[in-house]
Amino acid sequence: MIEFPSKYEPVSIEEKWRQIWEADGIYKSSVNSEKKKYSVVIPPPNVTGMLHIGHILNNTIQDIYCRWKRMAGYEVCWVPGMDHAGIATQIKVEQELKKNEGKSKYDLGREEFVKLIWDWKEKYGGIILKQLRKLGVSVDWSRERFTLDKGLSRAVREVFVDLYKKGYIYKGKRIINWDNITQTALSDDEISYIEKRDKLYYVKYPIVDSNDALVIATTRPETMLGDTAVAVNPADKRYSHLAGKKVILPVVNKEIPIVFDSYVDMSFGTGALKITPAHDMNDFEVGQRHNLEAINILTKDGKINENGLQYKGQGINESRKNVLKYLKANGYLIKEEDYTHNVAVSERSGAVIEPFLSDQWFVSMKKLSEPAIQVVKEGKVRFHPDKWTKTYFHWMDNVKDWCISRQLWWGHQIPIWYHNETGEIYCETTPPKDIENWTQDPDVLDTWFSSWLWPFSVFGWENSAKDKENKDLNYYYPTDFLSTAPEIIFLWVARMIISGLEYMNDIPFKDVYFHSTVRDGKGRKMSKSLGNSPDPLVLMDQYGTDALRFTIVYLAPLGSDVLFDEKNTEIGRNFITKLWNAGRFLKMNYDRIMNDSASGDEEPEYDFAEKWIDSRFNDTIRDIEFYLNAYRLNDYTKSLYAFVWSDFCDWYIELTKVKLSKNASTSRKAIKRAMDIYENILKLLHPVIPYVTEEIWHILDESREGKTISKIEFPALDETKYDENSEKLFEIFKDLVTTSRNERAKYAGINDYEFDIRIKPLNTTAAESVNELTDSLQMLINNKGGTAIEHTTGEFAGTSGDYFAVKFDFKGAAPKLKNGDAGVKTTKELESLKVYITGIEKKLGNKNFLEKAAADVIEKERQKLKDAKEKYEKISKMK
RNA sequence: GGGCGGUUAGCUCAGUUGGUUAGAGCGCCACGUUGACAUCGUGGAGGCCAUUGGUUCGAGUCCAUUACCGCCCA
């Protein structure tokens, strides 16, 4: 017999089970044609990532579904893995290199540097997967994949080459963030904004064939060298007469058009804007809309190039000075004023970011996305919550081409080679044979270009010819469920749907769950810089992993954010303690009663409380199946929380206590019934709190060694157990108990007195059931004297509930009444009853209501009125 | 600027197709501990369901308006 420890020690117990689960390989999956499969691919965390509270939520959600389906008899396969995270990883290693050796990546060269990153990855990468192990995720570790591993890289090349050959991939221009100190392109994430005091210059652009001039305001006069238009807002009446006119661009001395574009802010400066498409993101778009030429005036190291006339070779500041000098000397500069604005700078080098027009590779998205729109419209792929479908359609209908090249070294280098002499392009999955005559495109692919293939690449996808024999792919694809953050619906989810349809000819997953964003108690996003993100590993040690898992899911409603405060973890911890102690109580009594040699057979009949808990348990199964199928995870935990704590512990176990001290047949039946329900509770809870349920399940029965609760059948719904009468009767019973407790609370020091309890039913239903209920009453109101309970129809002053009035008759001396006036509450209740009755009477007096409302609604109102009046009358006599 | 949400108890949120006196958890107040659990039990207080208008016999629920808050995209 295993001793039930008085305290649950999560840290050591979790570690024990984690090791056993992994050693036994119980979450390994393989093709099993006997069973239906349930497959899930993990959203691959960054190889540089550290576990944060959002990961806890997302991975617990997936684990709940995997564990639930596994217990429900599915062959579950949950594939783990990591993302090579181009930018983040490269930056990380660059920083280490600088810190440790004082070198830059250029000192090593591309090949050496990439090798260094691989070394770093082997040593330090993937900490997050170790942390996920601690979370208890039931993934198949033997299937771990990496977006840059051999198989996935092959898939990336295969897809790139195929798209290129089909004409979806093309080279185009795009403005990128250029850091001219480190000479690299930066992503938006690597940029910060600082406030800078500058000058705003007002420059005159003479209008052609006119004595007038248009005045524009700019902080960057040197970029005039690349101006190809001046823009005004079409709604701006000051300039409407200029339609079709041109201006003369000073310095360069050429004619450029005036264009009308609503992008222009009428209130800024003069309301006229110079347009430099090659050196400003917004100007680039204006240029595209109006077919303007984009003239690049800079070299990669931040000097004016050959398009910059006499300023060629000058730095940005120098050329600005010289251009200004020219403008001033020739009367173009009208005024200058102080101006403070935000300037983008490189987070690493501090260089002012230069928007720079460059050649990039794009995927043409319009045609590719059409089938992906269709499958969501048809409900083949479902989003939860559904509101994201609207966002999805809106984005897909206006889809922009995808820029897939990145100026990095870490990643899948683009499989394009240029012929050194002819410039001819070669695009294949393998390099050209005469490699010495070719140069590969230096850029790598966007990290998402590997993750968009994830749902099939992890199962060994190669190409359609070989896939027919790929058993894993045939069995597991399409996957069933994806849980991810709504921020990446376009970056990732939409693109996976597109690639799945293009390359597997099928959707990648059926249900997508967009989980909540976890925020702090004040509603701010968790972030490193705010320092408001609690370390989940610390919380797991303090409160237990299960407590954290339970809490985060409990707090995360479908479709809105979670406000998570560290202290909230007490919700989960307290619940687990409650569950633990209930188990301990039951086991102690179970062992005692079952070992009693005087034991007899159990009574076969169920009493009203047993029928009630059976019915309630069945309700709970029905609820949680509904909630899990509806992806309402917090409601799944909430209904279990309420059932375990309120129904099972507060009422059922309390009632069971009365029976445990009775004769053998009664006590045996009572403890067996309670234990049976309790074991089923453990199964229902296992998906969300796997460790503690596994532990208790083993403590309850030592013969379970070597088995696991995670492969035990999930309790099934049995509608024959639903018992409306017992549920109603139990509500009446609760009213009787609560009313008695209220009566009890009126007296001070009542424990020292003996009394009889007199009960008066307030309506027919109560009167009919009172005999069945009074037996269980005594224990629950702690009536120590063991005195008789009698019911009466006579009039008396006492406490009234919905169904009963209760009064104590003291044997001999009576305790003092607290607060003297016991009649206050009754008066108050009578008042509110009166308001209620008047309300119904008014309703029933309304002709329109009687004519138009449904018959059963009217009947209900009549019944309500009758009950209320009856109760009013009985209570009023009690005064 | 475009799109999508939200506004119900002190806090965080439920409230299914309109139909009991609008619920829960936490917090608060009172009482309670030789009993599985103080990481607890029992009881209680606390709400003009953001605004204005409409549809309806009947609106927290449906429609519109305003205000405020938030998210995504540009």
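Side chains are part of it too, since the values below use all heavy atoms of this structure and drop only hydrogens, waters and symmetry mates. Proteins get letters first, then strands, A, B, ... in listed order; numbering begins at 1 in each. None of these values were measured; they are calculated from a predicted model.
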Base-pairing string, 5' to 3', of RNA chain B - Watson-Crick or wobble, under 3.5 Å, | interstrand:
(((((((..((((.....[...)))).(((((.......))))).....(.(((..]....))).)))))))).

Nearest-nucleotide 5' precedence on RNA chain B, Ile840(A) against Phe626(A):
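The answer here is Phe626(A).
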
Using the closest heavy atom to pick a nucleotide of RNA chain B for each, name whichever of Asn581(A) or Lys400(A) lands nearer the 5' end.
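Between the two, 5'-proximity favours Asn581(A).
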
Check every strand shown and say whether [X] touches a base, only sugar-phosphate, or nothing at a heavy-atom separation below 4.0 Å.
X: Thr738(A); value: sugar-phosphate
X: Lys390(A); value: sugar-phosphate
X: Lys7(A); value: base
X: Arg573(A); value: base

Integer angstrom distance from the [atom1] of [N] to that of [M]:
N: rG27(B); M: rC11(B); atom1: C1'; value: 7 Å
N: rG23(B); M: rC48(B); atom1: P; value: 15 Å
N: rU7(B); M: rU17(B); atom1: P; value: 15 Å
N: rA50(B); M: rC68(B); atom1: C1'; value: 8 Å
N: rG25(B); M: rG41(B); atom1: P; value: 11 Å
N: rC62(B); M: rG5(B); atom1: P; value: 13 Å
N: rG44(B); M: rU39(B); atom1: P; value: 24 Å
N: rA67(B); M: rU52(B); atom1: C1'; value: 11 Å

Where do Ile61(A) and Ser483(A) come nearest, in terms of heavy atoms and distance?
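Heavy-atom minimum between the residues: CG2-OG, 3.8 Å.
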
Which atom of Val688(A) lies closest to which atom of Asp546(A), heavy atoms considered:
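Looks like O-OD1, 4.4 Å.
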
What's the closest nucleotide to the side chain of [X] if the choices are [options]?
X: Thr391(A); options: rC4(B), rU21(B), rC57(B); value: rC4(B)
X: Tyr554(A); options: rC13(B), rA36(B), rG25(B); value: rG25(B)
X: Asp650(A); options: rU42(B), rC57(B), rU20(B); value: rU42(B)
X: Arg584(A); options: rA14(B), rG19(B), rA36(B); value: rA36(B)
X: Lys852(A); options: rC57(B), rG19(B), rA36(B); value: rC57(B)
X: Arg741(A); options: rU20(B), rG43(B), rC37(B); value: rG43(B)
X: Trp645(A); options: rC37(B), rC4(B), rG41(B); value: rG41(B)
X: Lys638(A); options: rA36(B), rA14(B), rC13(B); value: rC13(B)
X: Glu285(A); options: rC37(B), rG19(B), rA74(B); value: rA74(B)
X: Tyr641(A); options: rG15(B), rG25(B), rA36(B); value: rG25(B)

Less than 4.0 angstrom between a side-chain N/O of Lys578(A) and OP1 or OP2 of rG41(B), yes or no?
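Indeed, a polar side-chain atom of Lys578(A) lies that close.
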
Look at Asn568(A) and rU12(B) and indicate whether a side-chain polar atom (N or O) is within less than 4.0 Å of OP1 or OP2.
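Checking rU12(B) against Asn568(A), no side-chain N or O comes under 4.0 Å of OP1 or OP2.
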
Run Tyr641(A) and Trp645(A) through ring pair (Phe, Tyr, Trp, His ring centres under 6.0 Å) and show every step you take.
CA-CA 6 Å; Tyr641(A) 184 96; Trp645(A) 207 307; 5.4 Å; yes

With a 4.0 Å cut-off, would you call [X] and [Y] a salt bridge?
X: Glu731(A); Y: Lys728(A); value: no
X: Arg673(A); Y: Asp676(A); value: yes
X: Lys860(A); Y: Asp856(A); value: no

Check the angle between the aromatic planes of Trp492(A) and Trp448(A) and answer parallel, tilted or perpendicular using the 30° and 60° thresholds.
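Aromatic pair Trp492(A)/Trp448(A) classed tilted.
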
Which of parallel (below 30°), tilted (30 to 60°) and perpendicular (above 60°) describes Trp651(A) and Phe730(A)?
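Geometry flag for Phe730(A) against Trp651(A): perpendicular rings.
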
Decide whether a cation-pi geometry holds between Lys864(A) and Tyr836(A); the criteria are a distance under 6.0 Å from NZ or CZ to the six-membered ring centre and an angle within 45° of the ring axis.
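So Lys864(A) doesn't make the cation-pi contact.
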
Whole-Å distance between rU20(B) C1' and Ile837(A) CD1?
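So the two atoms are 13 Å apart, to the nearest Å.
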
So does Lys657(A) reach the base of rA36(B) with its side chain, donor to acceptor, closer than 3.5 Å?
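Flag set: donor-acceptor pair detected.
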
